[in-house]
Amino acid sequence: MASTYSSLKIELIGTGDQSGLWGATTNTNLGTAIEQAISGKADITLSSTSATLTLTDTNAAQDARAMYLNFTGSPGGNATVEVPAIEKLYFVKNGTSGGYSVTVKVAGQVGVAVPNGSTTVVYNNGTDVVDGANHFDSLTLASALPVASGGTGVTTSTGSGSVVLSTGPTFTAYRESVQTATVSTSTYNIDLSLGNIFDITLGNNVTFTFTNPPSAGTSASVTIVLRQDATGNRTATFTDALYTDGNPPQLSTGANDIDVLPFFTINGGASYFGTFAMANVS
């Protein structure tokens with residue numbers, strides 16, 4: 001009775017066959033075919049946009065049986081690699097040149113496109129190649145997930161990084177940090193990189209300068225809660241501020257008086273539009 005072969009081309013010796021030879025066949029099954037299927041690597045060079053991996057009735061090494069498919073070469077375009085319609089787990093690395101994707105699939109099906117420079121896990125379910133995993137209870141990344149891959153591109157929500165949100169997002173329990181200072185010097189910088197709310201007590205006549213605005217084309221706003229100290233009669237001047245009719249606000253000067261002044265810039269800090277929102281708040 002002649003040998004038959006499994007879907008992974010493991011040689012199945014017929015009853016009574018290969019007398020005195022079955023040991024060699026079994027060793028090849030174990031040491032070549034099965035080992036290749038569970039841990040073997042196939043280096044496959046692509047020179048065109050299509051390739052086909054096949055399996056034949058032999059337990060010798062075959063690329064389509066390997067666990068790890070390492071694609072290299074220059075396909076010249078987005079490539080498609082067809083694999084046999086068998087149940088099989090693959091690790092796939094797209095190490096080709098030119099920035100092209102490699103789609104691994106069963107003939108006539110959709111498959112999975114592996115981006116250039118990426119390695120992924122896929123599963124051939126006997127009909128097509130699909131993603132090998134789509135859920136993790138937890139996942140720690142060594143670096144920030146790029147926006148193009150569905151991430152934010154940053155590792156923290158504070159600092160100088162940018163977080164890209166969907167159009168028209170809804171914020172729940174939105175909060176802003178408050179920067180608090182008592183200023184006894186004649187000059188003080190309002191650093192826009194620290195926050196958007198400043199609660200400042202005047203202990204002197206102060207000239208304020210806005211620093212670290214975003215680049216032109218991006219707006220930034222800041223609200224200043226300006227308090228007189230127990231002495232009062234302190235003055236405040238804001239560098240590069242523009243007001244209605246060019247008239248700076250007349251601040252409250254009584255001891256412990258409170259005024260509220262919003263400012264915003266749209267030109268990289270070249271100027272700041274200001275208004276006197278609340279006077280002598282009590």
Side-chain angles (χ1 to χ4, degrees), residues 2-13 24-136 139 141-153 164:
S3 294
T4 57
Y5 290 83
S6 70
S7 60
L8 286 174
K9 302 309 176 185
I10 308 299
E11 185 175 355
L12 308 176
I13 303 172
T25 299
T26 300
N27 288 343
T28 302
N29 277 339
L30 297 175
T32 298
I34 293 178
E35 187 172 295
Q36 185 183 32
I38 63 175
S39 63
K41 175 185 174 186
D43 294 314
I44 303 165
T45 301
L46 299 179
S47 58
S48 66
T49 57
S50 63
T52 301
L53 304 184
T54 60
L55 286 172
T56 59
D57 287 344
T58 174
N59 57 7
Q62 303 184 67
D63 289 346
R65 188 197 290 126
M67 173 65 79
Y68 192 106
L69 304 180
N70 178 38
F71 294 107
T72 60
S74 302
N78 293 329
T80 298
V81 177
E82 294 182 354
V83 294
I86 61 171
E87 293 183 355
K88 179 76 174 72
L89 186 69
Y90 288 114
F91 288 82
V92 182
K93 178 180 180 179
N94 178 1
T96 61
S97 61
Y100 302 111
S101 65
V102 174
T103 296
V104 181
K105 67 174 204 170
V106 172
Q109 302 300 318
V110 177
V112 174
V114 183
N116 191 261
S118 298
T119 302
T120 191
V121 181
V122 298
Y123 177 64
N124 185 345
N125 59 21
T127 300
D128 196 11
V129 175
V130 297
D131 287 322
N134 60 14
H135 172 77
F136 298 93
L139 182 64
L141 302 178
S143 58
L145 186 65
V147 173
S149 299
T152 63
V164 179

From [X] [atom1] over to [Y] [atom2], what is the distance, rounded to the nearest 0.5 angstrom?
{"X": "T4", "Y": "I10", "atom1": "OG1", "atom2": "CD1", "value": "11.5 Å"}
{"X": "T127", "Y": "E87", "atom1": "OG1", "atom2": "CD", "value": "8.5 Å"}
{"X": "T103", "Y": "N94", "atom1": "OG1", "atom2": "CG", "value": "9.0 Å"}
{"X": "K9", "Y": "Q36", "atom1": "NZ", "atom2": "CD", "value": "13.5 Å"}
{"X": "T58", "Y": "E11", "atom1": "OG1", "atom2": "CD", "value": "7.5 Å"}
{"X": "I86", "Y": "S6", "atom1": "CD1", "atom2": "OG", "value": "8.5 Å"}

Those residues that, when tested against [X], pass side chain to side chain donor-acceptor pair (under 3.5 Å) (two or more places apart):
{"X": "N125", "result": "none"}
{"X": "S97", "result": "S74"}
{"X": "D131", "result": "none"}
{"X": "T56", "result": "Q62"}

Non-hydrogen atoms of [X] and [Y] that approach each other most closely:
{"X": "N59", "Y": "T25", "result": "ND2-O, 3.7 Å"}
{"X": "P115", "Y": "A113", "result": "CD-O, 3.6 Å"}
{"X": "V112", "Y": "V130", "result": "CG2-C, 3.5 Å"}
{"X": "V122", "Y": "L89", "result": "O-CD1, 3.3 Å"}
{"X": "T54", "Y": "A64", "result": "O-CB, 3.7 Å"}
{"X": "L8", "Y": "R65", "result": "O-NE, 2.7 Å"}

Flag side-chain contact, heavy atom, 4.5 Å: [X] against [Y]:
{"X": "F71", "Y": "V114", "answer": "no"}
{"X": "L55", "Y": "Y5", "answer": "no"}
{"X": "L69", "Y": "L53", "answer": "yes"}

Worksheet item: Do any pairs count as a side chain to side chain donor-acceptor pair (under 3.5 Å) and have a residue in residues 105-123, sequence neighbours left out, and if so which ones?
Response: T96-N116
Worksheet entry | Check against side-chain contact (heavy atoms from CB on, under 4.5 Å), V81 and L46 | CA-CA 9 Å; V81 177; L46 299 179; 4.1 Å; yes
Discussion item. Tell me whether D43 contacts the main-chain N or O of T72 through its side chain, where contact means a donor paired with an acceptor under 3.5 Å.
Written reply: no
Worksheet item: Would you say D63's side chain and A42's backbone share a donor-acceptor pair under 3.5 angstrom?
Response: no
Fill in: With sequence neighbours excluded, residues passing salt bridge (Lys or Arg N to Asp or Glu O under 4.0 Å) with K88
none
